[in-house]
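Here's the structure we're looking at; comments come further down.
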Amino acid sequence: MTEVRVPADWPASAEAARAEQDRLRPLVDVTGPGPAAPRLVAGLDVAYAESGDRLAAAVVVLETSGLTVVDAAVAVGRAAFGYVPGLFAFRELPALLDALDRLTAAPELLVCDGHGLAHPRRFGLACHLGVLTGLPAVGVGKTPLVGTWDPPAPRRGSWSDLRDGTDTVGRVLRTRDGVKPVFVSVGHRMSLDNATAQVLALSPNFRLPETTRAADRRCREALAGQLG
DNA sequence: GCGACAG
DNA sequence: ATCTTGTCGC
């Protein structure tokens with residue numbers, strides 16, 4: 001667990017951050033299809049301290065057969081940007097990348113807590129992380145950022161398109177019978193079909209993928225150890 | 001102009 | 001994200 005510092009050249013304004021997204025957006029690989037049966041999958045999440053912008057970022061690697069954690073890394077630091085919907089990635093990226101660098105196992109897929117293409121400029125956190133690492137990535141959001149959709153059928157596995165204008169930017173996926181669905185979108189080097197299949201496979205018992213749940217636990221306890 | 005707005 | 005009690009349901 002390291003103390004992360006914000007890069008000297010990190011965007012300081014919303015305008016600079018949007019320009020960076022526009023610069024990287026063409027580098028997103030949307031041709032997929034991504035790994036059909038990955039053995040190692042990573043989950044990423046960040047927790048914030050009640051006061052201020054102190055945060056802890058966790059990356060966990062799970063073995064898909066059994067969904068057990070085989071590796072994990074945590075980094076603590078401060079939010080690298082203010083919270084602005086659409087520029088959310090600039091807050092957590094430095095800490096998440098630091099944690100990723102300290103991993104021993106090599107994940108074949110990144111499952112991010114936030115959106116990928118389901119973003120105003122089609123470049124959410126999952127796309128950003130995918131492009132910077134070169135790894136296949138998917139975004140799983142608990143609430144929508146953009147788009148409209150019809151409610152998917154009540155059974156686990158049902159889904160409906162998430163559309164923004166004329167684009168299909170993701171899927172609204174039911175991971176548990178009768179429970180509020182999650183928003184799945186492509187981040188990098190993945191097809192929407194495969195992204196949906198992987199997220200469903202990673203969520204056998206709860207609404208959120210086990211990758212996200214494991215990462216959430218790690219960063220929360222890291223924060224507790226750092227402060228309270 | 002007004003409301004919405006990942007975590 | 002985080003602050004938060006009880007409550008309904010499997």
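So that the names make sense, note that chain A is the first sequence line, chain B the second, and so on, each numbered from 1.
- When heavy atoms are screened at a 4.0 angstrom cut-off, Leu55(A) is found touching no nucleic acid atom at all.
- Put simply, CZ on Arg78(A) is 15 Å from C1' on dA1(C), counting in whole angstrom units.
- What separates CG of Leu162(A) from P of dA6(B) is a distance of 13 Å, to the nearest Å.
- By the 30° and 60° cut-offs, the orientation of the rings of His128(A) relative to Phe123(A) is tilted.
- In this structure, Ala80(A) and Val6(A) approach most closely via the heavy-atom pair CB-CG2, 3.7 Å.
- No engagement by Arg176(A) is indicated, since no non-hydrogen atom pair under 4.0 Å with the nucleic acid exists.
- Summarising the geometry, the separation between CG on Leu44(A) and P on dA6(B) is reported as 19 Å, rounded to the nearest angstrom.
- Comparing dG7(B), dA6(B), dT2(C) by their nearest atom to the side chain of Asp113(A) picks out dG7(B).
- Dashed line: the shortest gap from a side-chain N or O of Thr143(A) to OP1 or OP2 of dC5(B) is not under 4.0 Å.
- Between the side chain of Ser160(A) and the backbone N or O of Trp149(A), no donor-acceptor pair lies under 3.5 Å.
- Atom P of nucleotide dA6(B) and atom CG of Leu145(A) are separated by 6 Å, given to the nearest angstrom.
- What separates NE2 of His119(A) from C1' of dC5(B) is a distance of 11 Å, to the nearest Å.
- Looking at His188(A), its side chain does come within 3.5 Å of a backbone N or O of Asp29(A) through a donor-acceptor pair.
- An OP1 or OP2 oxygen of dT2(C) is reached within less than 4.0 angstrom by a side-chain nitrogen or oxygen of Arg220(A).
- No contact: Leu96(A) has no heavy atom under 4.0 Å from any strand.
- Applying the 4.0 Å criterion to OP1 and OP2 of dG7(B), one finds that Lys142(A) has a side-chain N or O inside that range.
- With its ring centre under 5.5 Å from that of the base six-membered ring and a plane angle below 30°, Tyr83(A) counts as stacked on dG7(B).
- Using a 4.0 Å heavy-atom cutoff across all strands shown, Gly141(A) reaches sugar-phosphate atoms only and no base atom.
- Across all strands shown, Pro120(A) has no heavy atoms under 4.0 Å from either base or sugar-phosphate atoms.
- To the nearest angstrom, C1' of dA6(B) lies 14 Å from CG of Leu117(A).
- Checking dA6(B), dC3(C), dG7(B) against the side-chain heavy atoms of Glu50(A) singles out dC3(C) as nearest.
- Remark: of the listed residues Val140(A), Val184(A), Val182(A), Val182(A) is the sole one forming a side-chain contact (heavy atoms from CB on, under 4.5 Å) with Thr175(A).
- Arg91(A) has its CZ atom 8 Å from the C1' atom of dA1(C), to the nearest Å.
- Contacts of Gly139(A) with the nucleic acid, taken as non-hydrogen atoms under 4.0 Å apart, are absent.
- Contacts of Ala118(A) with the nucleic acid, taken as non-hydrogen atoms under 4.0 Å apart, are absent.
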*Start with the C-alpha distance between Asp71(A) and Arg102(A), add both sets of side-chain angles, then the distance that settles salt bridge (charged side-chain N to carboxylate O under 4.0 Å, His left out), and finish with yes or no.*
CA-CA 10 Å; Asp71(A) 192 18; Arg102(A) 299 162 53 72; over 6 Å; no
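- Per the geometry, CZ belonging to Phe81(A) stands 15 Å off C1' belonging to dC5(B), to the nearest Å.
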